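First comes the structure, then the notes that go with it.
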Amino acid sequence: MSSFLFLTSSAPLKEVWEPLDRPLTVSLDAGTIEGGEFDSGFSVLRREPVWELATDKPYFAVLNIYRPGCEEEIVKYLKDQLKTVPEIEFWHVWLDMDFDHKVRSVDIASDSLAAEDIRELAETDIYGEPPVDFCYRIFHSGG
């Protein structure tokens, strides 16, 4: 089993992936993306979820972070996407095929979203017994 980062929203999110010379291999079953380095330091790939989600948002995208320090780029990406959708959920979950984990969520206004928020969620310890899924509900705050 492994942890997994993903985004959900009420409309499709823009895909981001800029591979540098290697073919991209995506395995949703294994929760991995392989294929070398990425210019942006992260990728967002729209997919159909392969397990039950604790959300009412119909659109799902895998978020992969390839390079430490790209959190500010992710903040800019999320704020840009919030120009067309009112809210994005940013999830960090434990994939153990048990769908009744406790969910802890936090609401964050886009004008207060910071790189530290991205880093904090991506590094959050979700491996407790029982596992806890975490969700940041990021909403457009007008700025």
Side-chain angles (χ1 to χ4, degrees), residues 1-20 23-128 130-143:
M1 302 301 132
S2 61
S3 68
F4 198 66
L5 298 172
F6 65 91
L7 305 169
T8 61
S9 64
S10 59
L13 298 173
K14 177 184 171 196
E15 287 193 305
V16 174
W17 70 279
E18 300 159 5
L20 293 176
L24 183 68
T25 304
V26 178
S27 173
L28 288 180
D29 292 333
T32 62
I33 295 183
E34 297 177 8
E37 299 175 9
F38 284 71
D39 281 341
S40 61
F42 73 99
S43 67
V44 176
L45 301 168
R46 292 189 306 246
R47 299 286 182 248
E48 291 294 321
V50 293
W51 71 95
E52 184 179 324
L53 302 176
T55 182
D56 63 350
K57 305 276 186 274
Y59 294 94
F60 172 89
V62 177
L63 173 66
N64 288 285
I65 299 174
Y66 303 107
R67 172 174 44 83
C70 71
E71 294 85 0
E72 191 60 46
E73 295 171 58
I74 296 171
V75 168
K76 289 177 187 175
Y77 167 83
L78 292 170
K79 287 181 178 183
D80 185 54
Q81 296 305 294
L82 285 166
K83 293 175 183 175
T84 58
V85 297
E87 179 182 86
I88 296 172
E89 294 175 341
F90 176 21
W91 289 85
H92 188 183
V93 302
W94 182 246
L95 290 181
D96 62 359
M97 303 316 283
D98 182 3
F99 304 114
D100 62 354
H101 296 168
K102 181 175 183 177
V103 175
R104 292 195 179 147
S105 60
V106 175
D107 291 340
I108 301 176
S110 62
D111 61 357
S112 66
L113 182 65
E116 182 56 36
D117 296 319
I118 304 301
R119 193 170 16 264
E120 177 183 67
L121 185 59
E123 295 174 359
T124 295
D125 180 11
I126 61 172
Y127 317 108
V132 175
D133 294 341
F134 287 86
C135 175
Y136 286 177
R137 287 188 306 263
I138 306 162
F139 61 91
H140 181 67
S141 54

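Everything numeric here is computed off the predicted structure, so don't read it as measured data. Starting from 1, each residue takes its place in the sequence as its number.
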Query raised in the report: Got a second to check how far W91's CH2 is from F134's CZ, nearest 0.5 Å?
Result: 11.0 Å
Report task. May I ask you to test the R46-Y59 pair for a side-chain heavy-atom distance under 4.5 Å? Result -> no
Query raised in the report: Shortest non-hydrogen contact from C135 to E89?
Result: SG-CB, 3.7 Å
Report task. Report the distance from atom CG of D133 to atom NZ of K102, rounding to the nearest 0.5 Å. Result -> 12.0 Å
Requested in this report: Find the distance between CD (E72) and CG (L113) and round it off to the nearest 0.5 Å.
Outcome: 8.5 Å
Requested in this report: Enter the distance from I74:CD1 to I65:CD1 here, rounded to the nearest 0.5 Å.
Outcome: 4.0 Å
Query - Nearest heavy atoms of V103 and A54, plus distance in Å - result: CG2-CB, 4.2 Å
Query raised in the report: By side chain to side chain donor-acceptor pair (under 3.5 Å), which residues pair with D107, not counting sequence neighbours?
Result: R137
Requested in this report: Output all residues satisfying side chain to side chain donor-acceptor pair (under 3.5 Å) with S9, sequence neighbours left out; order by chain, then residue number.
Outcome: none
Report task. Taking the side chain as every heavy atom from C-beta outward, state whether S141 and S112 have any pair of such atoms under 4.5 Å apart. Result -> no
Report task. Please name the pair of heavy atoms, one in Q81 and one in K14, separated by the smallest distance, quoted to 0.1 Å. Result -> OE1-N, 3.0 Å
Compile the donor-acceptor pairs under 3.5 Å between side chains in residues 114-122 and protein atoms, sequence neighbours left out, one pair per line.
residue: E116; atom: OE1; partner: R119; partner atom: NE; Å: 3.1
residue: E116; atom: OE1; partner: R119; partner atom: NH2; Å: 3.4
residue: D117; atom: OD2; partner: A114; partner atom: N; Å: 2.9
residue: R119; atom: NH1; partner: E71; partner atom: OE1; Å: 2.9
residue: E120; atom: OE1; partner: Y136; partner atom: OH; Å: 2.5

Query raised in the report: Which pair of heavy atoms, one from I88 and one from L13, lies closest together, and at what distance?
Result: CD1-CD2, 4.0 Å
Query - Between CD on residue E15 and CZ on residue R47, distance to nearest 0.5 Å - result: 6.0 Å
Query raised in the report: What closest approach, in Å, do P131 and W94 show between heavy atoms, and which atom pair accounts for it?
Result: CG-CD1, 3.6 Å
Query - L63 side chain near F6 side chain, heavy-atom distance below 4.5 Å - result: no
Query - Check against side chain to side chain contact (heavy atoms under 4.5 Å, CB included), Y77 and L7 - result: CA-CA 12 Å; Y77 167 83; L7 305 169; 4.1 Å; yes
**Report entry** Minimum heavy-atom distance C70-G41, with the two atoms named
**Finding:** SG-O, 3.2 Å
**Report entry** Point-to-point distance, once rounded to the nearest 0.5 Å, from OG1 of T55 to CD of E87
**Finding:** 8.0 Å
